[in-house]
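Here the structure is laid out as structure tokens; the discussion comes afterwards.
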Amino acid sequence: MPFQPPQRYQSPHLPFGDRRDAPFYGKHILSVRQFQRDDLAYIFGVAHEMREMVLRIGAFDLLKGKILANLFYEPSTRTAASFVAAMERLGGSVIAINEVRYSSVTKGESLPDTVRTLEAYADVIVLRHPQEGAAALAARYARKPIINAGDGTGEHPTQALLDLFTIREELGTIDGLTITMLGDLRYGRTVHSLARLLSRYRVKINYVSPPVLRMPRDIVRELEAKGIPQAEYTTLDPVLAETDVLYVTRVQKERFEDPALYDRVKDAYVITPEVMARAKDRMILMHPFPRVYEITMDVDQDPRAAYFRQMEYGLYVRMALLAMVLGKA
Ligand code: NCD
């Protein structure tokens, strides 16, 4: 008789105390396309509660005993650190594989095998990978939730969620705003996710980039079909005065095939106090970071510079997401 594996290997069991009916329980987070407007309101509500809790008591044990595997095939400071902080502030712990160089990936292990290994030890996997579609591939093999922390030039859904949460917390609303995205709109995955997520609201979007770094056509068409007004520019001047959110991005050096092209476009736009002087009084300046040339450090004191607060909002959004996929929110 052929060997029959024990039943429990085939169906994931439900750990004691998890809420099966919780929205997002056991779900992968792969693309912002999976979020409707009421999902967003729910996530932001939970993130807001997480913020209150952290400010009031620092840490609590909602995810005590749970383990996160943080699997990063590309460099990261904020995303990796904020997922660790999120898990630990919720009482859980983390297996951090930040340098796949030191793991069996170097020996030629495939992504599906690495993911199936880690889910033997962890309850949820956060994955960053240089290939578009990597998180979706991992999710096909995984029984536990995969959270996409950036797949090449594809998407960065948790960043877009924290970007929207930032706008909501800082400006009170998203409807009615004019958002201007500036820089590398072609390779920047954060703006790909953000544009798609913004299409759930009544917004106007301006894209400012060198012609070679325009927003991909499929994303522009996707938003067009939803009736979102969009306009493209090569300079910031025509739209600065009407902008409520200026979202600046880094030129993604590592994604360029032609280094000479990178050198030509790398400092196409630089935000300085002089630029900020021409912006609205009530607006915010955002950047997913790392910044290289795009915003000078003397802009940091401007109260409209929201990028350091944006990082902190990321902690609360990631706490919310972890609690949700693990059935505790
Ligand atoms: C971004 C990324 O990795 O896509 N960083 C981040 O997660 N905050 C942006 C970038 O690398 O420029």
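Heads up: numbering here begins at 1 and tracks the sequence. Start at 1 and go down the list; that is how both ligands and their atoms are numbered.
A side-chain donor-acceptor contact under 3.5 Å links E155 and S193. Side chains of E169 and H48: a donor on one and an acceptor on the other come within 3.5 Å. Between the side chains of Y313 and D163, no donor-acceptor pair is found at a separation under 3.5 Å. There is a side-chain donor-acceptor pair under 3.5 Å between T114 and E109.
At least one donor-acceptor pair under 3.5 Å links the side chain of H287 to the backbone N or O of F289.
Side chains of T180 and Y207 form no contact here, defined as non-hydrogen atoms less than 4.5 Å apart.
Contact annotation for T190 and ligand 1: only side-chain heavy atoms (C-beta onward) come within less than 4.0 Å of the ligand.
In this structure, E74 falls outside the shell of residues with a heavy atom less than 4.0 angstrom from ligand 1.
When R291, H192, R189, K253 are ranked by how near their heavy atoms come to atom 3 (O) of ligand 1, first place goes to R189.
On a distance-only criterion, R128 and ligand 1 share at least one N/O pair closer than 3.5 Å. Ligand 1 has an N or O atom lying under 3.5 Å from an N or O atom of F289, backbone or side chain.
Annotation for Y262: atom OH counts as buried by contact number, over 12 foreign heavy atoms lying within 6.0 Å.
Ligand 1 places these atoms under 4.0 Å from at least one heavy atom of T79: 6 (C), 7 (O). Of all the atoms in ligand 1, the ones that sit under 4.0 Å from a non-hydrogen atom of H156 are 2 (C), 4 (O), 6 (C), 7 (O).
In terms of protein heavy atoms, atom 11 (O) of ligand 1 is closest to R250 NH2, 2.9 Å. The closest protein non-hydrogen atom to atom 8 (N) of ligand 1 is P288 O, 2.9 Å.
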